[in-house]
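One structure is given here, and the rest of the page talks about it.
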Number of protein chains: 2
Amino acid sequence: MRDVTSDMIWAPLFQRLKTTTGADDRDLQALAALPFTLRHYRENQTVLRDGEEPSECCLIADGFCVRSKTIADGRGQILSIHIPGDLPNLQNLHFPTVDHDLIALSDCTLAFIAHKALNDLIGRRPGVGDMFWRDTLVDAAVSREWIVNVGQRSTYNRLAHLIVELRERLRLIGRVIDNTFAIPLTQEQFGEAMGVTSVHTNRILRELRIDGVLELQRGTVRILNEHKLQELAQFDGRYLHLSPSP
Amino acid sequence: MRDVTSDMIWAPLFQRLKTTTGADDRDLQALAALPFTLRHYRENQTVLRDGEEPSECCLIADGFCVRSKTIADGRGQILSIHIPGDLPNLQNLHFPTVDHDLIALSDCTLAFIAHKALNDLIGRRPGVGDMFWRDTLVDAAVSREWIVNVGQRSTYNRLAHLIVELRERLRLIGRVIDNTFAIPLTQEQFGEAMGVTSVHTNRILRELRIDGVLELQRGTVRILNEHKLQELAQFDGRYLHLSPSP
DNA sequence: AGGCGAACACAACAAATGTTAAGATATGCG
DNA sequence: CGCATATCTTAACATTTGTTGTGTTCGCCT
């Protein structure tokens, strides 16, 4: 396994925090000095299981994860998609249990940081606590937007919205090049994120392709018509709070 | 307007916090000593508007409110239903803007408490901050459960789940008597909460009535067959964290 | 009491989405 | 390289949900 520097671990998070919360450099340096444990996960491996009570928070250093819930009849719903720089179980800093699964979509590298270390740091540097606090609030705002997406938008528009949201978040960490970027979900998983079947996802993807809006092949999205995409997605990025508030 | 004592304002919140977070009585007493402004809203009146930056948090003392978002084509989605004792914009303590509307479903009495007063109190009594922190985390967990509800459950099961969730929350504040309780939504609004039309909501309600599961008349729910309801809702209340964690 | 508007009820038909099944294409592995 | 498996693609048909329209009921106001 190739060598990983602390820099590579923290870079996406710092890039995001600087853009969204106007982070203080000394807070970030203090964060980067924290001890962490790297763990690698393979595609489809479970990182956190519903009901667990983790003693660490994890930072996605590389790869994609999803939160997901499975109901009694076996149907699953993806609740959110997480990319490098995300802290998908920050809530466990103040709340014991996770109430969903966290699953690696692709091969992933995660850095685990002990709650104790984080809490100590927050005690010394309240700015770090504030950043994290805001981060969980953005997370909640994203969940609310997903309710709207699944509840009200047509599947055609819904997929457009999902893709634009991911693109904006990927752009923040420099993962969008020439209107092309990775969202390593299968069509079945796109369906689980939208609350429809894989067959229907396939139908909608074909329409988007035929209409010249976008193409998706094996987890790589290519935008063909930016204007049309915007029109379909009706994306209002305020909920992501992409710029620091006054 | 009849006289309202401070006790009546705080009682539902305290009842809930005692059950869910094992609140310290001195923390609650300190809360009850905070100055607040009472405001009354009529049915369908907007309490907070998308994009606003409130300087106060509100506590629902009496009545029901919903969070709701409207998309470009005019369709609306209800994001959550709030009952007496809820603090629906606690997030604004640490985050400036609201990204949805807050609307009174019925005639409502809300107590507004200045951020400054709350922050001062949290500084003096960290336990209060912890309680609030947990409260927003439960709020986020409810949002995630709604994604599952709208995305994966059949409308029939979805309505059962929605009603059981509300019942459990209403039970906490003593508003369930003899399997009967108020959820003052119109059928159209139940539809907006579930992501379906009012016509379809009506169909599903008829089925539930014919099947002897429950009855809904003008915002009053009566459970007819508890066992069947449970079976349909597949309700796992862990996400509400109804009992204090260890 | 009468009238008005909102909410409810229900039916007929249209559109969206699920189900099942089959073949095609890609990917990993021996 | 060739097999084995997962993913993608598509079609036909079933089911769910939306749309439109028309009465009916209820609560409120005068």
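Proteins come first, then strands; the chains are lettered A, B, ... in the order of their sequence lines, and each starts at number 1. Values below: all heavy atoms of this structure, side chains included; hydrogens, waters and symmetry mates excluded.
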### Query
Rounded to the nearest Å, what distance is computed from the CD atom of residue E43(A) to the P atom of nucleotide dA6(D)?
12 Å

### Query
Does a salt bridge link D211(B) with R206(B), judged by any charged N lying under 4.0 Å from a carboxylate O?
no

### Donor-acceptor under 3.5 Å (D236(B) side chain, R238(B) main chain)
yes

### Query
Under the 3.5 angstrom rule, does the side chain of D178(A) hit a backbone N or O of T180(A) as a donor-acceptor pair?
no

### Summary
The correct set of residues in residues 178-194 of chain B placing a heavy atom under 4.0 Å from DNA chain C is T186(B), Q187(B)

### Query
Hey, are E52(B) and R49(B) close enough for a salt bridge, meaning a charged N less than 4.0 Å from a carboxylate O?
no

### Query
Salt bridge check: are E215(A) and R209(A) linked by an N-O gap of less than 4.0 Å?
no

### Message
Looking at D99(B) and R144(A), is any side-chain nitrogen of the basic one under 4.0 Å from a carboxylate oxygen of the acidic one?
### Response
yes

### Query
Counting just side-chain N and O atoms, does R218(A) come under 4.0 Å of either OP1 or OP2 of dC8(D)?
no

### R153(B) with E145(B): basic N within carboxylate O range, under 4.0 Å
yes

### Summary
Distance col, row Q15(B):CD vs L172(B):CG, nearest 0.5 angstrom, shows 7.5 Å

### Query
Are K228(B) and E231(B) ion-paired here, with the side-chain N under 4.0 Å from a carboxylate O?
no

### Task
Only pairs at least two apart or in different chains count here, so list each salt bridge (charged side-chain N to carboxylate O under 4.0 Å, His left out) that has a residue in residues 82-92 of chain A.
R16(A)-D86(A), D86(A)-R169(A)

### Task
Measure the spacing between OG1 of T46(B) and CG of L102(B) and express it to the nearest 0.5 Å.
8.5 Å

### First and last nucleotide of DNA chain C, 5' to 3', lying under 4.0 Å from heavy atoms of chain B
dA7(C) to dA12(C)

### Task
Please figure out whether V199(A) or L216(A) has its closest DNA chain D nucleotide nearer the 5' end.
L216(A)

Check nucleotides 15-17 of chain D against the protein and report each pair of N or O atoms closer than 3.5 Å, with its distance, or say if there are none.
| unit_1 | atom_1 | unit_2 | atom_2 | d |
| --- | --- | --- | --- | --- |
| dT17(D) | OP1 | T155(B) | OG1 | 3.1 |
| dT17(D) | OP2 | T155(B) | OG1 | 3.2 |
| dT17(D) | OP2 | H200(B) | NE2 | 3.0 |
| dT17(D) | O5' | H200(B) | NE2 | 3.4 |

### Side chain to side chain, I183(B) and L216(B), heavy atoms closer than 4.5 Å
no

### Message
Salt bridge check, D107(A) against R39(A): does any charged N sit closer than 4.0 Å to a carboxylate O?
### Response
no

### Task
Measure the shortest side-chain to side-chain distance between V196(A) and R158(A) over non-hydrogen atoms and say whether it is less than 4.5 angstrom.
yes

### Task
Please report how far the helix from dA1(C)-dT30(D) to dG30(C)-dC1(D) bends, comparing the axis fitted to its first five pairs with the axis fitted to its last five, to the nearest 10 degrees.
40°

### Message
Can you tell whether the side chains of E226(A) and R167(A) come within less than 4.0 Å, N to carboxylate O?
### Response
yes

### Task
Measure from CZ on R42(B) to P on dG27(D) and round the result to the nearest Å.
21 Å

If you restrict it to nitrogen or oxygen atoms, what contacts under 3.5 Å exist between nucleotides 22-25 of chain D and the protein, and what is each distance?
none

